Amino acid sequence: VNRQRALELLRRQPFEVLVIGGGITGAGVALDAASRGLRVALIEKSDFASGTSSRSSKLIHGGLRYLKQLRFGLTLESVRERETLLRMAPHLVRPVRILLPYRRPLAYKAALSLYDAIAGSPAARRHRRIERDEIRRLVPHLRTAGVGGAFQYFDATVDDCRLVMHVLRKATQLGAVVVNYAGFASFTSEGVQVTDSIANESFAVRCTTAVNATGVWSDAVRQKLDDGAPSLLRTSKGAHIVIDAAKLRVDGAVTIPRTSRGHYLFVAPWEGRTIVGTTDTAYEGSLERPLATREDISTLLDGVAEWFPSAGVTPSDVVAVYAGLRPLAASAGATSAASREEFIERRGRLITVAGGKLTTFRHMAKRVVDRLTSAPCETHRLTLDASEEPPRGLEPAVAAHLHRAFGSQAHIIAESAGAGALLDEEQPHTWAEIDYIVRHEMPMTVADILARRTRIALSAHDHGRSVVEAVADRLSEHLGWTPAQRQSSIGQYLEEVLEYSTN
Ligand SMILES: Cc1cc2nc3c(=O)[nH]c(=O)nc-3n(C[C@H](O)[C@H](O)[C@H](O)COP(=O)(O)OP(=O)(O)OC[C@H]3O[C@@H](n4cnc5c(N)ncnc54)[C@H](O)[C@@H]3O)c2cc1C
């Protein structure tokens with residue numbers, strides 16, 4: 001995708017729909033609108049998926065918890081969307097077994113039966129009871145005291161950033177114009193004023209309708225149209241820690257509905273590590289780069305110590321940390337009880353869509369675009385670089401990684417010269433993959449590559465510091481940077497990774 005060309009089109013041609021925000025919600029709206037033949041553009045003020053959509057628990061899930069809150073409609077929609085996404089991108093959205101330990105089985109049995117019935121789960125993915133011996137084999141460190149057994153059920157996992165990239169790629173193939181580092185600044189009589197923060201320029205874009213898909217920033221955009229508009233949102237923060245898998249190995253995921261400190265604990269394998277989430281606390285700080293605090297980290301480590309006591313996980317086993325902000329509908333009470341359903345508001349030529357989940361992005365987009373055209377939504381029939389088989393001729397771990405992250409595009413990467421050359425021995429990332437990203441995925445900074453297009457910032461012990469210079473060289477060559485620009489991007493990355501490290 002050529003950013004320069006996209007900027008030219010933005011300036012030149014009028015659009016029926018301009019999507020503001022390049023997280024999963026905006027990407028989904030751009031895809032849906034393009035697939036129904038609307039002239040659509042998407043602008044993102046920093047990098048694609050740099051907001052909440054790179055900071056989730058990375059689950060595509062029906063939300064067993066929502067059944068407890070009697071939100072049957074949300075569960076129904078979520079499990080249907082899970083099944084749709086498993087079909088649309090089988091390489092990226094993968095079924096994951098989840099163990100739910102119980103003291104007494106009855107409380108969960110009914111909920112899980114309902115969950116399977118709503119999802120129409122195939123036999124192999126229906127819940128079943130697991131005895132203690134099997135639990136010990138799958139999750140050797142799971143506590144046994146006070147645990148009667150466990151249920152096994154299935155949801156799916158995803159790399160949230162890669163999902164956004166897949167959706168944007170499909171949207172551009174269908175004609176959407178997408179640009180990062182292009183922020184909405186204000187409304188004009190014919191559309192909006194946009195700021196290109198790379199060239200430091202401002203320009204006008206003509207559009208009939210603007211869709212505000214800016215997540216936790218939504219109120220700021222709405223209030224540019226009407227400064228008296230009451231807030232729609234409140235924000236809660238969720239932190240995660242990434243742990244060395246050698247220290248806490250899990251075969252499949254484990255979910256604990258409530259730890260003794262009162263939060264939901266989720267432990268899952270991810271990128272060769274183990275990810276642990278998540279806290280849920282009301283948040284009023286800066287929306288840019290929320291931080292996992294010492295307290296967040298110790299809350300999660302306490303949960304791990306309580307439920308995986310024999311693992312002996314200590315703060316030094318934490319490879320990385322991250323935090324994300326949930327855009328929730330403004331309401332009273334605990335944020336964990338606040339609705340995860342999306343909300344859509346129309347104010348003149350601005351439609352705001354926020355809330356919801358990664359899982360339900362396609363359906364949210366459908367509801368928005370249904371308001372803009374009578375053409376039927378067909379996105380459930382699309383595929384996102386779907387591919388069943390990893391490329392051949394590479395180390396199995398490298399082939400599996402490329403397949404998961406790039407789907408059918410992995411075959412192109414695998415065929416390039418020196419395809420198997422690794423960035424370092426610790427991880428399956430290759431230089432051919434970085435070159436593909438540089439050419440095709442519009443990274444404008446080193447962080448875009450190391451923190452989002454790949455997840456090296458979160459999965460490598462050194463957060464990618466050892467490869468930052470070489471990655472900068474490749475990007476520099478492609479973008480024609482001056483030495484000062486290259487150095488500035490490296491400096492910005494080294495500053496950004498402090499957010500992911502515990503010291
Ligand atoms: C801790 C946590 C765990 C979660 N886990 C899950 C999970 O496991 N499964 C699940 O389904 N959901 C999960 N969610 C929910 C899910 O991550 C969010 O619903 C989703 O990512 C929100 O996407 P979004 O596009 O609406 O917002 P964002 O991803 O935040 O995107 C909004 C974008 O708008 C851009 N923007 C802001 N202002 C402007 C402007 N003026 N001009 C242009 N662009 C602008 C921002 O830079 C940002 O990129 C989780 C959320 C959190 C916080």
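Atoms within a ligand are numbered from 1 in the order they appear, just like the ligands themselves. Residue numbers start at 1 and run along the sequence shown. Since we're looking at a predicted model, the values are computed, not measured.
Between R326 and D280, at least one side-chain N (NZ, or NE/NH1/NH2) sits under 4.0 Å from a carboxylate O, which counts as a salt bridge. Under 4.0 Å is where a charged nitrogen must lie from a carboxylate oxygen, and between K237 and E284 no such pair does.
Taking 4.0 Å as the cut-off, S46 counts as a neighbour of ligand 1 on heavy-atom distance.
Only backbone heavy atoms of L325 (N, CA, C or O) come within less than 4.0 Å of ligand 1; its side chain stays farther off. At a 4.0 Å heavy-atom cut-off, ligand 1 touches H61 through the side chain alone. Under 4.0 Å from ligand 1, not a single heavy atom of T360 appears. Under 4.0 Å from ligand 1, not a single heavy atom of A354 appears. Under 4.0 Å from ligand 1, not a single heavy atom of K237 appears. Counting heavy atoms closer than 4.0 Å to ligand 1, residue F184 contributes atoms from both its backbone and its side chain.
S57 N, 2.9 Å is the protein heavy atom nearest to atom 5 (N) of ligand 1. Looking only at heavy atoms of the protein, atom 43 (C) of ligand 1 is closest to K45 N, 3.2 Å.
For the pair R39 and F15, the NZ or CZ position fails the cation-pi test of under 6.0 Å to the six-membered ring centre and within 45 degrees of the ring normal.
Ring orientation note: the planes of Y436 and H440 are tilted relative to one another, at an angle of 30° to 60°.
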